[in-house]
Amino acid sequence: MIGVLLLLLLLLPLLLFIAAPQIRKMLSNGVCTSTAQLPGKVAVVTGANTGIGKETAKELAQRGARVYIACRDVQKGELVAREIQTMTGNQQVFVRKLDLADTKSIRAFAGGFLAEEKHLHILINNAGVMMCPYSRTADGFEMHIGVNHLGSGVSVYSVHPGTVHSELTRHSFLMRCLWRIFSFFIKTPQEGAQTSLHCALAEGLEILSGSHFSDCRVTWVTAQARNMTVARRLWDVSCDLLGIPMD
């Protein structure tokens, strides 16, 4: 019996390796199928200097959009912008400073954008943090709620990209190790960008405003997440924290 168990343990990594392509295919079956082209359209993608945001910005540029990479690390963003310009042939890829952990930076970005553009057609709030050591934003908010909720504002759609190989795990040594061990089963940034692109490009989604998407389709959320009383309370508290007049 012990010999059989040892044999199974030895064979398990090999079996997982063989099965990995099919497992990854099941985990990343959502693909944006829209063929929409975007000449004359203006898009802002936050956190687009790496990972999912970078792939999203690249696809929007490939389709002809005028793309603004909004990120904290401008130098890294400029490198990505030049890379996207070279790959897509679209020179209308720009970088603007945006630190979601500082409301002054957010307001400065918004003011600068309004001075440059008359319209915004696509906004993808991609930037976020996870498992940060305890810290506060420039305005004194806990970092996760300050960046992921208050900094990013309110989205028309919420999306879950799945388990994606990105820099989101950079603050956790354990998560980085797990990501490396299970890398065969984790989506690439390009695969992770598909749901955001689907929500930005697919026609006829207006009636689904406020829905939660995963793998390019509407997915279930808990009853609490659908509770409009709680949602209104969250909105009011968020506006109060940010000093924004409530409607």
Side-chain angles (χ1 to χ4, degrees), residues 38 41-63 65-85 88 90-133 135-161 164 166-171 189 192-193 195-197 199-201 235 238-239 241-244:
L38 304 172
K41 302 297 184 181
V42 178
V44 170
V45 185
T46 67
N49 57 339
T50 187
I52 295 173
K54 175 182 174 181
E55 292 299 327
T56 302
K58 181 170 68 176
E59 181 63 27
L60 296 175
Q62 183 69 55
R63 294 170 184 251
R66 182 178 174 89
V67 179
Y68 286 85
I69 294 174
C71 60
R72 183 177 56 181
D73 189 337
V74 174
Q75 184 176 6
K76 187 174 182 180
E78 293 287 1
L79 292 174
V80 169
R82 287 195 290 271
E83 178 184 336
I84 292 175
Q85 289 169 348
T88 65
N90 183 349
Q91 300 304 305
Q92 296 190 92
V93 181
F94 310 103
V95 180
R96 298 294 181 266
K97 173 78 172 181
L98 174 62
D99 184 355
L100 293 176
D102 185 348
T103 55
K104 289 183 179 178
S105 175
I106 296 170
R107 291 188 173 96
F109 169 80
F113 179 83
L114 290 173
E116 290 185 89
E117 300 288 351
K118 294 181 179 179
H119 303 284
L120 173 60
H121 303 96
I122 298 172
L123 169 63
I124 297 182
N125 291 322
N126 164 80
V129 295
M130 184 176 78
M131 292 186 171
C132 295
S135 58
R136 292 180 177 272
T137 68
D139 303 277
F141 304 120
E142 189 279 327
M143 187 61 69
H144 292 85
I145 193 169
V147 171
N148 298 342
H149 174 62
L150 298 174
S152 293
V154 179
S155 304
V156 176
Y157 305 105
S158 67
V159 303
H160 191 296
V164 182
S166 71
E167 291 186 6
L168 196 59
T169 60
R170 63 187 179 276
H171 295 293
T195 303
S196 295
L197 289 167
C199 290
L201 301 173
W235 173 268
S238 300
C239 288
L241 289 172
L242 293 170
I244 298 173

Can you list the steps and then say if Val44 with Leu98 is a side-chain contact (heavy atoms from CB on, under 4.5 Å)? CA-CA 11 Å; Val44 170; Leu98 174 62; 6.0 Å; no

On a heavy-atom basis, the closest approach of Ala200 and Ile124 is CB-CD1, 4.1 Å

Minimum-distance pair of heavy atoms, taken over all atoms of Asp73 and Lys76: OD1-N, 3.0 Å

Taking Asn49 for its side chain and Val80 for its backbone only, find out whether a donor-acceptor pair lies under 3.5 Å. no

Measure from the side-chain N and O atoms of Ser152 to the backbone N and O of Val147, and report whether any donor-acceptor pair falls under 3.5 Å. yes

Locate the shortest heavy-atom distance separating Asn148 from Gly128; write the atom from each residue and the value. OD1-CA, 3.1 Å

Is there a donor-acceptor pair under 3.5 Å between the side chain of Asn126 and the backbone N or O of Gly47? yes

Taking every non-hydrogen atom, the tightest pair across Thr137 and Ala101: CB-O, 3.1 Å

Using modelled atom types only, decide if a donor and an acceptor are shared between the side chain of Glu55 and the backbone of Gly192 within a distance under 3.5 Å. no

Give me the ring orientation class for Tyr68 and Phe113: parallel if the planes are under 30° apart, tilted from 30 to 60°, perpendicular past 60°. perpendicular

Who passes side-chain hydrogen bond (donor to acceptor under 3.5 Å, both in side chains) against His121, sequence neighbours left out? none

Run the side-chain contact (heavy atoms from CB on, under 4.5 Å) check on Leu150 and Asp139 step by step: do they pass? CA-CA 11 Å; Leu150 298 174; Asp139 303 277; over 6 Å; no

Under 3.5 Å, side chain of Thr46 to main-chain N/O of Ala127, donor-acceptor pair present? yes

Return the minimal non-hydrogen interatomic distance between Asn90 and Ala61, and the atom names on each side. ND2-O, 3.0 Å

Do Ile69 and Val45 have side chains that get closer than 4.5 Å, going by heavy atoms? no

Using atom types as modelled and distance alone, determine if a side-chain donor or acceptor of Asp102 lies under 3.5 Å from a backbone N or O of Ala138. no

Sidechain-backbone polar pair: Lys97 side chain, Arg72 backbone, donor-acceptor under 3.5 Å: yes

Is there a side-chain contact (heavy atoms from CB on, under 4.5 Å) between Val129 and His144? Walk through the geometry before answering. CA-CA 6 Å; Val129 295; His144 292 85; 4.1 Å; yes

In sequence, state the C-alpha distance, the side-chain angles, and the governing distance for Phe109 and Leu100, and then conclude on side-chain contact (heavy atoms from CB on, under 4.5 Å). CA-CA 10 Å; Phe109 169 80; Leu100 293 176; over 6 Å; no

